[in-house]
Amino acid sequence: MSVGNIEQAGSISTDYHMEDALNNNNEHLITIPREHELKFQLLPDQQLIIEIVYGIAEIFGTELANNIKYIFNNQDIFSIYAVDKTQLKWYTKESAVEPMITQSPNSAYAEYKIKIYNLHFALDKMRFTSSQGPNVLVIGGKNTGKTTLCKTLVSYAIKVKNFTPLYVNLNPTDGIFTPPGCLSATTIYDILDVTAPNWGQSATTGVTTIPSTQPIIKNFGLEYIHTNYSLYNTILSQLSIVTNSKIMKDPLLRRSGCIIDTPSLLDKSDMGANEKEHVNKIISQIIKLYNVNVIVILKEEKDDEDNSNNYEEIIKQQLTSSLSSIKDSISLLTLPIVKKSNVVEIDDVYKRFLQRVAIRDYFYGNSLNTVLSPYTVSSSFNKLTVWEPVVYNNDTDEDKNEEPKLEPVTVNASNLQHAIVAITFAERNADPDTVLSSSIMGFGLINEVNDTRKKLRILIPVPGQMPDKALILTQYRYLE
Amino acid sequence: MTNKSENVVLKEFSSMLDELTFNSGPIIASLAKFSEEHIEYSQQIVELVEKKITKSVPKQKLYAIYVLDSICKNVGSPYTIYFSRNLAKLFKSTYLIVDNKTRQSLINTFKTWVIPPNTGGTNDPTSNTYPLFDQDVLKNIENFLIRASALHERQIKMVTPKPTIPLLLKEIDRLIMICNNIVNITANNGSATQVEKTNAKIILLQELRQELLKRELPQEALKQVQDQLTQNFVKEQKYSLQLQQQQQQQQKLVNISPPSSQLQQFPLSQANKNILFSNSSIPINNGANINAPAVINNTSDEFSNNGIFGMSQNPLFPSTNTTANNNISSTIPNASKATDTINISRTSPEEFIHQLQENKINNLQKLYNSLKENDLLYIPGKESIVGLCNNYLSSNSIDSIDLIKNLPPLELLNNLVQDSISIKLDLNAFINSSNFQLNNWTINNTNIDTNISIKNDNNYVQFLYRYKPCKCSMCGKRYVTKSTELNEHLDWHFRINKKLKNNRNKVLQSRNWYLNDDEWIHTPNSNNNDTDAIVFNDNSVSNGGMNEYNNHANVNHRLFDKNLTGNLSIHGLAQENPNPFSFTRINDTAAAAATSSNSDNNNNNNSRKRSFDHNTNIRDNDFITPLHNVNNKKHRPDKIQDINLMFEVIPDSSNSMEIECYMCKDVIQGIYNEDEGQWVWPNCIKTDDGNYCHATCYYEIQQNQ
Ligand SMILES: [Zn+2]
Ligand SMILES: [Zn+2]
C-alpha cells in the first residue's frame with residue numbers, strides 16, 4: 001500500500017557497492033596544480049573512490065567526469081593528470097591504511113607531457129590531412145611506459161573527432177581487453193574505462209556502463225617471447241593479415257591509423273647473437289607488416305651507455321638495411337622518459353596481479369557494474385584435443401628455419417589443472433597448422449581434472465556446451 | 001455493496017479523516033481501503049477529502065493530500081477522475097501556504113504521480129496506471145511548481161543577509177515609513193479601512209521594534225521576525241519598489257530642475273508630517289535617525305543607475321525633512337538658496353544649463369556632506385559592491401584581497417577564460433598550422449634529430465579538451481553542442497543505468513565468444529558513412545589553397561558535426577545491444593545463444609529482437625517525458641529470470657540432441673543440466689500441441705497477444 005511520501009524516483013546512485021563504500025568514508029580533499037600529476041598506488045584489497053570536485057583531470061588520456069564517483073579496486077596503480085587546476089575527493093573503505101599518493105615533480109613531467117601532446121597533435125594532423133593515418137609503433141625497454149603512452153594516444157585520438165584508432169597489442173603478457181597470453185587488436189571508438197587496469201570490457205550479452213569492445217585475438221600462449229621467437233613471429237604476422245583486411249575495408253580505420261604496443265624485446269639478460277637476430281627480425285617484421293610510418297622509441301636517458309641494448313640503434317640499423325626501401329616514409333622519434341615520475345613502475349608482483357585481474361575479468365566481469373556468469377561444463381578426456389606451443393629453452397635449440405610447431409598435449413591433471421586454454425575456431429580434428437593460424441573464440445579455465453574417471457570440468461564464459469574445437473594450452477594458470 | 005446508509009458511511013469516513021492529525025500510515029491506509037469499499041460514494045468521498053485539504057491547518061494539509069494520493073494509487077478510477085477536477089487548484093493553494101519542508105513533501109508526492117515510485121519494480125501493481133491523473137492537470141501543476149521554485153530561489157537570495165538586530169530595526173523602520181506613505185495616500189483616496197489596517201500594522205511594527213531593543217533574542221527568533229516581516233508586508237514591499245521606480249523616473253524628468261524643486265515634488269512630505277505628529281506613539285527622533293540610513297541602504301543597490309548622488313534622492317529623504325531635526329532642516333534652505341544665485345539674464349542658455357547642473361551638483365554635494373556630518377548617511381561597508389568598486393577605482397591598494405574574496409572562484413573564472421580562448425581556435429587553424437609536422441622528424445641518413453620538439457602551445461592543449469565544450473556529467477565524454485548529441489548521449493546513459501538496475505540479480509550476463517576473422521573484418525565499428533561525409537580535403541591543404549580550403553572547411557566542419565550526431569544514435573543503439581552485428585554461429589554456439597539470458601542480443605531473429613527493444617523504448621520514453629505517454633502502458637514479462645531458467649528434459653525417445661524452435665526455427669542445442677542430472681534443452685518449452693520452442697519465443701508471442 002502506498003502511503004504518500006516515497007523516495008524520489010530515478011536517483012543515480014543505485015550501486016550497492018558504492019553505498020557500502022560511502023558508509024564509512026573518511027574523505028580527503030586534494031588540489032592538484034595545473035600540469036601536475038598525482039599517482040595512486042593501492043594496497044591489496046583496498047578500494048579507493050575518487051571524485052573530481054572541479055577542474056579538468058584525466059587518467060591516461062581519458063577525461064574524468066566531475067562529481068562522479070570512480071571506484072578503483074585493490075592494488076591498482078594509476079595517475080591523475082590535472083590539465084587545469086583540479087580538486088578531488090578521495091576515500092577508502094579501510095580508514096586505517098591510506099593508498100600511496102605521490103605527486104610528480106612538475107618540470108620533468110610537464111616536459112614529457114608536452115611531448116606527448118605534440119606527438120598527438122602531429123598524429124591527429126596526419127589523420128586530418130591524409131587518407132592514410134599514422135601507424136605508430138611504440139617501442140622501448142621494460143617500464144618505459146609503452147602501454148601508458150599507447151593508452152594516452154588512443155584516448156586522445158577519439159577526442160577532437162571521432163577517429164577510431166586500432167589498438168594492436170603485441171605484448172602477450174599484458175591482457176588488454178583480453179586475458180593474457182595472446183596478441184590482439186581492438187578498434188577504439190569510445191572512451192576507455194578509467195577504473196579498469198585492462199582498459200575495459202569486451203562484448204558481453206548484456207549492457208556495460210562503458211561501451212564494450214570487440215577484439216580479435218591470436219593465441220601465443222607462452223609467457224616469454226624468447227622461448228619461441230618464430231612462433232611469436234608467425235602469430236604477429238597472422239594478426240596483421242586480419243587487421244590489414246579490416247583496414248582495407250574501412251576508410252575511417254585507415255585514416256585513424258593504429259597504435260602498436262610491443263613487449264620489451266631486449267630485456268633478456270644473456271642474449272645470444274641468434275636471439276638478437278630474432279629480435280631484429282621481429283622488429284622489422286612488425287614495421288613491414290603493420291605498415292608502420294611512425295616509430296616512437298621510449299628510452300631512459302642513461303640507455304645510451306650500452307649500444308647493444310638500444311632500440312634506437314636496432315631500428316636505425318634496420319632502416320638502413322632490411323627496411324631501406326621504406327625508410328623515407330617513416331618518422332622516427334625518441335621520447336626520453338623520466339624514471340620514477342612519469343612511468344608506472346611495474347614489478348613482477350604487479351604484473352601478476354594485472355594478469356589475474358584480466359583473467360578474472362574475462363570470466364566474471366569487474367564485480368562492480370558488470371557481473372558476469374560463466375558456466376562450468378564437464379567433458380570426458382576423449383572429447384578434447386589440446387595442443388601446446390613448443391618451448392625452446394636456449395638460444396641454440398631453435399633452428400631458425402624450423403617452422404614453429406604445436407605439440408599435442410596428453411589430457412591429464414598434471415598438464416591441465418588450473419590451466420587457461422584458448423578455444424580456437426579450428427575444428428577439433430584440424431591439423432596443427434590450421435589450429436595455429438586460427439583466431440581465438442574464447443578461453444576456458446580447467447578446474448577439476450579427474451584422471452581416474454577421465455573427466456574434467458571447464459569454466460567457459462558462455463553458458464552452453466563446450467564448443468567442439470581444438471584447444472591450445474597456455475602457460476597461464478589461475479586458481480580461483 | 002453495503003446496507004449502511006449514505007449518511008452513516010460518509011460520517012464514518014469524515015470522522016476517520018478528523019483523526020488524521022499526524023502523518024499516520026495506518027489511518028491513511030484504512031481511509032484508502034474504506035474508499036475502495038464504498039466506491040459507490042466516491043464522489044462524496046472526494047468532496048470530503050477536498051474539504052479536508054482546504055480546511056485543515058497548514059500543517060495537516062499534507063496528510064490529507066497523502067489520503068488523496070493513497071486513494072488514487074490504490075483504488076484508482078473513478079477517484080482519479082474526480083480528484084483531477086480540482087487537483088491543480090487544491091495542490092497550488094496548499095503549496096502556497098505551507099512551509100518549505102512540506103512543500104518538498106508535496107513535490108515528492110507530485111513526482112510519484114508522474115513517475116511510478118519504484119521504477120525498477122515490475123511487480124508494482126500500480127506501475128501500469130501512470131501517470132496517475134489527467135495529463136493536463138499534471139502539466140498545470142508542473143508549470144506551477146517550476147515557477148514557484150524559481151520564485152522561491154529568488155526569495156531566498158533576497159533574504160540571505162543574516163538577521164541581526166540593527167538590520168531588523170532598519171527593516172522595521174523602513175516598513176513603518178512605507179506604511180506611513182500608504183496611509184497618506186489612501187487617506188486622500190478615502191479608503192478608511194485600508195488606513196485603519198495599515199495603521200494597525202504600524203503599531204505592530206513599533207511594538208516589535210520596542211521588543212527588539214529591549215532584549216537579546218536568539219538567532220532563530222530573529223530569523224522568525226525576519227520571515228514575518230517579509231511575509232506580512234508583501235504589499236508594502238511592493239509599494240516601496242513602485243516608489244523607487246517612480247523616483248527614478250522623476251529623476252529623469254527633472255534632470256535640469258534644481259534639487260529643491262525636486263524635493264517639493266514628493267507628495268509625501270506634507271502628509272507625512274501630519275502623520276508623524278498626530279501619532280504620538282511614534283518615537284520620532286529614533287525613527288528619523290534610522291529611517292534615512294535604512295532607505296538609502298535600500299536604494300544603494302541602484303547605485304549603478306543613479307550614481308553616487310542619486311542616493312540622496314530616495315523616497316525617504318523628504319521624511320527626514322519632516323522629522324523636526326533642526327540640523328537637517330537648516331541645511332535644506334541653504335541648498336535651496338544656492339539655486340537662486342544663478343543670474344539668468346547674463347548667461348547664454350548653454351551656460352545657464354551648465355551652471356544649473358553645476359549648482360545642482362554643488363547642492364547635492366553640500367547636502368551629502370551635511371547628511372554625513374549628522375550621521376544620517378549610510379556609508380556602504382567595505383564588503384559591499386559599492387565599497388569594492390570605490391576601492392578598486394581609487395587605488396590599486398592591497399585591499400584587493402577583499403575584492404577577490406567576493407568574486408566567483410578562480411577556477412570558474414579560469415575555466416571561462418580558457419573556454420573563450422579555445423572557441424577562437426578552430427579545427428582548420430589547427431590543420432593548417434605549420435606546427436606539428438611529423439616530417440620535421442623524419443629520418444635523415446647522416447644527421448638524426450629524432451627528439452620531439454618542445455613546443456608548449458598551451459592553446460592547443462586547451463583546444464584538445466575544450467574543442468567540445470559540453471562535457472557529459474556522467475562519463476566525462478565531450479560534445480560539440482548541448483542540444484542534440486549530448487541529450488541523446490544522456491538518454492543513452494539513462495537507458496543503460498536503468499537496464500543495469502533492472503537486470504541486477506535478475507538477468508544473467510556473460511562474456512560473448514570473440515568474433516572470428518571474417519566476422520571481425522566485416523564488423524563495422526562505427527557508421528561507415530561517416531568517412532564519406534568527412535570531406536577531408538587533402539589536396540587543398542597540400543596545394544596550399546588556404547582560402548579555398550577554409551571556405552570549404554567551414555562547410556565540411558558542420559557536415560562533420562552533423563554526421564557525428566547521426567553516428568551517435570547508431571552508436572547508442574549499439575550500446576543497448578552490444579552485439580548489434582549478430583552473427584549467429586548456429587553450429588557451435590546455438591545452445592549458448594539459446595541459454596544466454598538476454599537471448600535477444602545473440603539471436604539473429606530480428607523481428608523478435610525489435611519487438612523486445614520496442615517495448616523497452618516505450619517504457620523508457622514513459623520516464624523521460626512522462627506526460628506525453630498516458631496510453632502506453634505496455635508491460636514487460638514479469639518473470640524474465642524464470643523464463644530463462646526454463647528447460648525441457650530431452651525425452652528418451654528423441655534420437656537427436658538438437659531440436660528446432662517451431663517459432664523462430666533456430667536450433668535448440670541440448671546441454672547437460674547438472675542440477676537435474678539430465679540432458680535438457682535450455683530456454684525451451686513444450687506447447688500443448690507437443691511442439692518445442694524457445695521459452696522466450698513463446699512468452700514473446702503471448703505478450704504480444
Ligand atoms: Zn556520458
Ligand atoms: Zn525460438
Side-chain angles (χ1 to χ4, degrees), chain A residues 1-6 8-10 14 54 56 63-65 83 85 114-115 117-119 121-122 125 128-130 159-160 162 164 187 189 191 203-207 211-212 214 216-217 242 245-246 251-252 327 331-335 369 372-373 425 439-442 461-465 467, chain B residues 25 28-29 66 69-70 73-74 105 108-109 112 115 117 119 411 431 436 438 441-443 450-452 454-456 460-461 464-465 467 474-477 496 499-501 508-514 516-517 520-521 525-526 530-531 538 541 564 575 578-579 588 591-592 595-596 598 601 671:
Chain A
M1 198 148 282
S2 141
V3 184
N5 208 355
I6 301 149
Q8 196 178 324
T14 56
Y54 63 74
I56 296 182
E63 185 174 347
L64 298 175
V83 178
K85 184 180 172 191
I114 290 162
K115 287 180 179 177
Y117 279 129
N118 285 342
L119 173 60
F121 288 129
K125 196 156 193 175
F128 276 112
T129 54
S130 143
K159 265 183 124 63
V160 171
N162 59 337
T164 60
T187 317
Y189 58 97
I191 57 168
T204 73
T205 56
V207 293
S212 60
Q214 202 64 270
I216 185 80
I217 292 179
V242 190
S245 313
K246 189 176 177 74
L252 180 58
K327 89 171 181 8
S331 306
L332 179 63
L333 330 166
T334 56
L335 196 51
N369 40 37
L372 303 181
S373 308
F425 277 108
S439 285
I440 300 306
M441 175 177 167
V462 179
Q465 227 186 2
Chain B
I28 293 170
Y66 284 167
D69 173 79
S70 186
K73 279 181 183 150
N74 292 294
S105 305
N108 289 344
T109 310
T112 68
I115 303 165
T119 46
E411 286 67 39
I431 294 167
F436 313 119
L438 263 186
W441 299 318
T442 308
I443 199 163
T450 56
N451 270 318
I452 299 173
I454 303 173
K455 188 186 285 288
N456 186 7
Y460 280 108
V461 173
L464 179 62
Y465 297 89
Y467 171 68
M474 307 281 295
C475 69
K477 207 174 162 181
I496 291 297
K499 272 201 167 178
L500 282 171
K501 200 174 157 193
L508 295 183
Q509 187 179 355
S510 51
R511 181 81 55 207
N512 282 348
W513 293 120
Y514 297 121
N516 69 27
D517 291 356
W520 191 75
I521 291 165
N525 280 295
S526 58
D530 247 22
T531 336
D538 301 342
V541 172
L564 244 164
Q575 290 329 306
N579 189 4
D588 19 87
T595 15
S596 94
N598 255 352
N601 278 330
I671 60 163

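Here is how names work: the chains are called A, B, and so on, in the same order as the sequence lines, proteins then strands, and each is numbered from 1.
- V461(B) approaches F121(A) most closely through the heavy-atom pair N-CZ, 3.9 Å.
- The two residues Y514(B) and F425(A) make their nearest non-hydrogen contact at O-CZ, 3.2 Å.
- To the nearest 0.5 Å, atoms CG (N516(B)) and CD1 (I440(A)) are separated by 11.5 Å.
- In plain terms, the two heavy atoms of L464(B) and Y117(A) that are nearest each other are CD2-CE2, 3.7 Å.
- R511(B) and P461(A) get closest at one heavy-atom pair: CB-CB, 3.6 Å.
- Under the 3.5 Å distance criterion, the side-chain polar atoms of K477(B) are left unmatched by any main-chain donor or acceptor of I191(A).
- Of all heavy-atom pairs between C475(B) and A65(A), the closest is C-CB, 3.6 Å.
- Using a 4.5 Å cut-off between heavy atoms, I217(A) contacts chain B through its side chain alone, with no backbone atom that close.
- Using a 4.5 Å heavy-atom cutoff, the side chains of S439(A) and W520(B) are not in contact.
- Counting heavy atoms from C-beta on, the side chains of N512(B) and V462(A) never come closer than 4.5 Å.
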